[in-house]
Amino acid sequence: MLTRRAAVPALALALALTGAGFGAAGPAPAYAQASPAAPPAHAQAHPEHQHFDPTRFVDGRIAFLRAELKITPAQAPQFDKVAQAMRENAQDMKQRFEQMRANRDKPKNAVERLEMRQRFAQMHVQHSERFLAAFRPLYASLSPEQKQMADELLAGHHHHGRGHGHG
C-alpha cells in the first residue's frame with residue numbers, strides 16, 4: 001500500500017502519462033493566467049501549445065467521424081451539414097476564448113464570473129442544438145451498423161468543442 005507521501009508523486013505521474021493533468025484539461029490555463037508573463041518553456045518550444053484552439057483539429061475529428069461511420073455517397077450531403085456544424089461550433093468557441101484572453105488581466109468579481117459561466121452554458125446549449133439539428137437527419141439515414149457505431153462514438157461525449165464533436 002502506498003503511503004500518503006508516495007501516493008502524491010504516483011498520482012502526478014499517472015496524470016502526466018494519461019494526459020489528464022490540469023494542463024491537458026483544455027482552456028483553463030490559457031485564460032486563468034494572472035499576468036502576461038513569458039509563456040512557459042514548453043510553450044516557447046511549441047508555440048502551437050500556447051493557447052487552446054478548438055479549430056485546430058476539427059477537420060481531423062470530422063474525417064475520423066466520416067471514416068468510422070463509413071459514410072456512403074448518398075449520406076454525404078447530410079454528413080456535410082454535420083461537418084459544417086462542427087466547424088461553426090469550433091470557430092465560435094475559438095472567438096469566445098480569444099475574447100476571454102484579451103480580457104484576462106481585468107479583475108473579475110463574483111457576478112462577472114457567474115455571468116461568464118452563464119455565457120458558456122448558453123454557448124454549450126447553442127452548440128448542442130446546432131449539432132443535433134445537423135446530426136438528426138444524418139442519423140436517420142444510417143444503417144443499423146452505422147447507428148450502432150454512432151451510438152458508441154457519441155456515448156458519454158458532450159460535443160461542445162473540448163476536443164470532441166462540435167469542435
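For reference, positions follow the sequence shown, starting with 1.
- With hydrogens and angles left out, the side-chain atoms of Gln126 and Gln122 include no donor and acceptor closer than 3.5 Å.
- Here the CD-CG distance, from Gln146 to Leu153, works out to 11.5 Å after rounding to the nearest 0.5 Å.
- The distance from atom CZ of Arg96 to atom CE of Met116, rounded to the nearest 0.5 Å, is 12.0 Å.
- Taking all atoms of both residues into account, the shortest heavy-atom contact from Ala90 to Pro54 is CB-O, 3.5 Å.
- Residues Ile71 and Leu138 form a side-chain contact, since some pair of their non-hydrogen atoms from C-beta on lies under 4.5 Å apart.
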Stepwise side-chain contact (heavy atoms from CB on, under 4.5 Å) check, Met86 with Asn89: CA-CA 5 Å; Met86 292 170 68; Asn89 287 346; 5.9 Å; no

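- In this structure, Phe120 has its ring center closer than 6.0 angstrom to the ring center of Phe97.
- Side chain of Lys108 to backbone of Asn103: a donor-acceptor contact under 3.5 angstrom is found.
- Residues Glu112 and Lys106 have side chains in contact (heavy-atom distance under 4.5 Å, counting atoms from C-beta outward).
- Between the CE atom of Met93 and the CG atom of Asp53 there is a distance of 11.5 Å, given to the nearest 0.5 Å.
- Both Phe64 and Tyr139 sit in one connected hydrophobic cluster of ILVMFWY residues. Membership requires side-chain heavy atoms under 4.5 Å apart, directly or through other members.
- No side-chain donor-acceptor contact under 3.5 Å links Gln91 to the backbone of Thr55.
- When all heavy atoms are compared, the tightest approach of Ala76 to Arg66 is CB-NH1, 4.3 Å.
- Within the 3.5 Å criterion, the main-chain N or O of Thr72 finds a donor-acceptor partner in the side chain of Gln75.
- No donor-acceptor distance shorter than 3.5 angstrom exists from the side chain of Gln84 to the backbone of Lys81, with no hydrogens or angles considered.
- Rounded to the nearest 0.5 angstrom, Asp59 CG and Ile62 CD1 are separated by 5.0 Å.
- Glu145 CD to Lys147 NZ: the interatomic distance, rounded to the nearest 0.5 Å, is 11.0 Å.
- Taking CZ from Arg61 and CZ from Arg56, the interatomic distance works out to 11.0 Å, rounded to the nearest 0.5 Å.
- Judged by distance alone, with hydrogens and angles left aside, the side-chain atoms of Gln78 form no donor-acceptor pair with the main-chain N or O of Pro137 at under 3.5 Å.
- No salt bridge links Asp92 with Arg130; every basic N to acidic carboxylate O contact stays at or beyond 4.0 Å.
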